[in-house]
Amino acid sequence: MTENSVKKLHLIRHAKSSWNNSYLADIDRPLNERGMRSCQAMAAKIADAGCPFTNVFCSPAVRAHSTIEQIGEALAARQIDWQVDDALYTFDFQDLLRWCRGLDDVIAQIVIIGHNPAMTDFINEMSDRTIENLPTCGYAQLWFETQSWQTLPAKSAKLVSFLKPKMFMD
C-alpha cells in the first residue's frame with residue numbers, strides 16, 4: 001500500500017459509562033471513574049499508534065463527548081478539534097459503513113468516537129482480521145487501499161493497530 005492510495009480510519013469506542021442513574025436516557029449517560037482512567041491511560045498510546053486526531057467525528061452521546069474530551073486533556077500539548085455527527089449514534093455497522101462511504105475523498109484519515117456493536121462488527125466485516133470485541137476506550141486503526149471512501153468493499157481493510165485499555169492498566 002502506498003501512502004497516497006490509502007484511506008485510514010481510526011475507531012475509538014467510548015470509554016466505560018456510568019449506570020448509576022437509571023433515569024438517564026442512554027444518550028445522556030456520563031463516563032464512570034474507570035472510563036476516565038482508561039482515557040488517561042489510552043490517550044498517548046492511541047497517539048503513538050499513529051492517530052492524528054484530525055477530522056474527528058463524535059457520536060452525540062455524552063459518554064462519547066467525554067471520551068474525546070478526556071483524551072484531549074491527557075494530550076494537552078495537542079489541540080484536538082472535533083465535531084458531533086448525529087448519525088454516529090448508531091449500534092449498526094451498516095449505518096457506520098454508509099456514513100464512511102459518504103465521506104469526501106479529499107479526506108485521507110478520519111477519527112470516529114462511537115459505539116458497539118457497530119464498531120466491532122465494522123472491523124470484522126471490513127478488515128482482514130476478526131476481533132472478539134472492541135472494548136470500551138478501545139482503539140482500532142484500519143487502512144483501506146483505495147482513493148475513494150465511496151467504494152469500501154468488505155474485507156478490504158488491513159487492521160494495523162488494535163489497542164485495549166487492559167494492555168496498559170492494572
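- A donor-acceptor pair under 3.5 Å links the side-chain atoms of K7 to the main chain of I107, judged by distance alone.
- I27 and L96 fall into different hydrophobic clusters, defined by Ile, Leu, Val, Met, Phe, Trp and Tyr side-chain heavy atoms under 4.5 Å apart, directly or through other members.
- Here the CG-CG distance, from N124 to L134, works out to 10.0 Å after rounding to the nearest 0.5 Å.
- Atom OG1 of T54 is separated from atom CD of Q79 by 13.0 Å, given to the nearest 0.5 angstrom.
- Looking at K45 and D48, no side-chain N of the basic residue comes within less than 4.0 Å of a carboxylate O on the acidic one, giving no salt bridge.
- Going from atom NZ of K8 over to atom OG of S161 covers 11.5 Å, rounded to the nearest 0.5 Å.
- In plain terms, the two heavy atoms of Q70 and C39 that are nearest each other are CB-CB, 3.5 Å.
- What you find for A15 and T136 is that their closest heavy atoms are C-CB, 3.8 Å.
- Between atom CG of residue D105 and atom OG1 of residue T151 there is a gap of 7.5 Å, rounded to the nearest 0.5 Å.
- Considering all non-hydrogen atoms of both residues, V56 and D81 come closest at CB-O, 3.6 Å.
- No continuous path of hydrophobic side-chain contacts links V62 to I71 [ILVMFWY only; heavy atoms under 4.5 Å].
- Residues L31 and V84 are members of separate hydrophobic clusters, defined by side-chain heavy-atom contacts under 4.5 angstrom among Ile, Leu, Val, Met, Phe, Trp and Tyr.
- A single hydrophobic cluster is not seen to contain both F57 and Y89; linkage of ILVMFWY side chains at heavy-atom distances under 4.5 Å, directly or through other members, places them apart.
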Apply ring pair (Phe, Tyr, Trp, His ring centres under 6.0 Å) to F91 and F93, showing your working.
CA-CA 7 Å; F91 308 96; F93 100 90; over 10 Å; no
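- Using cut-offs of 30° and 60° for the angle between ring planes, the F122 and F144 rings count as perpendicular.
- Remark: the W143 side chain and the Q141 side chain contain an N/O donor-acceptor pair separated by less than 3.5 Å.
- No continuous path of hydrophobic side-chain contacts links I68 to M36 [ILVMFWY only; heavy atoms under 4.5 Å].
- For the atom pair CE of M167 and OH of Y139, the computed distance is 12.5 Å after rounding to the nearest 0.5 Å.
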**Request:** May I have the step-by-step check of side-chain contact (heavy atoms from CB on, under 4.5 Å) for I46 and H10, ending in yes or no?
**Result:** CA-CA 9 Å; I46 293 170; H10 305 269; over 6 Å; no
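- Across M42 and G138, no two heavy atoms sit closer than the pair CE-CA, 4.5 Å.
- Side-chain atoms of H14 and S59 form no donor-acceptor pair, as typed in the model, at a separation below 3.5 Å.
- For D85 and Q83, the side-chain atoms include no donor-acceptor pair closer than 3.5 Å.
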